[in-house]
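Values in this document were obtained by computation on a predicted structure and should not be read as measured data.
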Protein chains: 2
Amino acid sequence: MTKTSQAAGLHRASLTKLHDLDAALELMYYGWRGMTLEADAYLAKQGLSRPHHRILYVVARRPDIAIGALLEVLGISKQALSRPLNLLLERKLVASKRAPEQHRSKLLRLTEAGRRIEQRASDHERKVLREAFDRAGASGAAAWMAVMEAIADHN
Amino acid sequence: MTKTSQAAGLHRASLTKLHDLDAALELMYYGWRGMTLEADAYLAKQGLSRPHHRILYVVARRPDIAIGALLEVLGISKQALSRPLNLLLERKLVASKRAPEQHRSKLLRLTEAGRRIEQRASDHERKVLREAFDRAGASGAAAWMAVMEAIADHN
DNA sequence: AATCTCAAGTCAATATAGTTGACATGAGAT
DNA sequence: ATCTCATGTCAACTATATTGACTTGAGATT
């Protein structure tokens, strides 16, 4: 977890392009890495990682989400959720309470500390995007969004 | 590996946006998923997965690459490389030979079968990109590339 | 010839992120 | 009383990675 290593050689290795879309394909790969690199380093310093961040991100945007709904949004099994979520509960980054009327479900919310960590981690990612959008201008940013939507929603 | 599951609930969950860049941030996540979904399904049918594809992709574009150089490009440890690479060698998707002069290093190349699988897997990814670029037009595609480069090289 | 170095390979232990299956619990609904 | 439903937990497993320690085989150096 120390990650002092050569940070995955990722200076966009110079590979021969066999197809005209190879450059775009590689950009998707390195783009993901570029966006998450600093956030991951910050999270690692907190003893957390990507799955913890995903939980924090979703709970921040859906306060009082039930565990079942969280599982659906994240698309993982409840057993896979339990470890990272329990860590977040232990560290009091997430708080849970029973629903007042629907006493069967447990509702999740971020604590102040959880909100702070979520915000800082996501800020690292948004900073990278903001700088890229600033360079590209408003029209470039809009075009990027349109292309990404087409890719994301493809089928 | 069967992945018959509900494919990770990934219909871009409707989350409240706390920041104006949240939408972009989520698009990066779902974009990666959208691009790789079909390729991963194809690879799984072949009993392979992402790390195998990364190896095939790099070796296809750097014929006669040595193992040490491959490790650098991939940014992983040799122990992490050995399992997937050995599988590819066993299945004769990758062939290795000793360098003629520099007999210490082992040079890797794709076989015909390896080339075919690499091409098909990457084709799935390129298809998604091509459709998105077609919708966005040449200027949209260029803008996307420019933004992605800024994100990838951010550092 | 003996030794040093270097690329590659392998063994063991560990971490993380996920899976499925089986079962327990506690509360509401019938 | 029992059924259902949301949650929680135990166990066994898989895949992908890590570090450390060591071997092997070939070339280079002394």
Begin from the C-alpha positions of A:R61 and B:D22 and carry the test salt bridge (charged side-chain N to carboxylate O under 4.0 Å, His left out) through to its verdict.
CA-CA 10 Å; A:R61 282 152 188 80; B:D22 279 358; 2.8 Å; yes
Per [X] side chain, nearest of listed nucleotides [options]:
{"X": "B:R54", "options": "D:dT7, C:dA17, D:dA17", "value": "D:dA17"}
{"X": "B:S49", "options": "C:dT10, D:dT16, C:dG18", "value": "D:dT16"}
{"X": "A:H52", "options": "D:dT19, C:dA17, C:dT20", "value": "C:dA17"}
{"X": "B:P51", "options": "C:dA8, D:dA17, C:dG21", "value": "D:dA17"}

5'-most contact on DNA chain C: A:A80 or B:I67, nearest heavy atom basis?
B:I67
Could you pick out which residue, A:Q79 or A:R50, lies toward the 5' side of DNA chain C when each is mapped onto its nearest nucleotide?
A:R50
Atom [atom1] of [X] and atom [atom2] of [N]: how far apart are they, to the nearest Å?
{"X": "B:L43", "N": "D:dA15", "atom1": "CG", "atom2": "P", "result": "15 Å"}
{"X": "A:I65", "N": "D:dT7", "atom1": "CD1", "atom2": "P", "result": "10 Å"}
{"X": "B:D64", "N": "C:dA7", "atom1": "CG", "atom2": "C1'", "result": "16 Å"}
{"X": "B:L74", "N": "D:dT18", "atom1": "CG", "atom2": "P", "result": "10 Å"}
{"X": "B:L85", "N": "C:dA8", "atom1": "CG", "atom2": "P", "result": "11 Å"}
{"X": "A:L89", "N": "D:dT7", "atom1": "CG", "atom2": "P", "result": "13 Å"}
{"X": "B:L107", "N": "D:dA26", "atom1": "CG", "atom2": "C1'", "result": "15 Å"}
{"X": "B:D40", "N": "D:dA15", "atom1": "CG", "atom2": "P", "result": "15 Å"}

Answer yes or no: is there an ion pair linking [X] with [Y], defined by an N-O contact shorter than 4.0 Å?
{"X": "B:D123", "Y": "B:R126", "value": "yes"}
{"X": "B:E72", "Y": "B:R62", "value": "no"}
{"X": "B:R115", "Y": "B:E112", "value": "yes"}

Can you tell me if the side-chain N/O atoms of B:S77 get under 4.0 Å from OP1 or OP2 in D:dT18?
yes
Let me confirm one number: the CD1-CD distance from A:I151 to B:E131, rounded to the nearest 0.5 Å.
10.5 Å
Which residue lies toward the 5' end of DNA chain D, B:K78 or B:R83, if each is placed at its nearest nucleotide?
B:R83
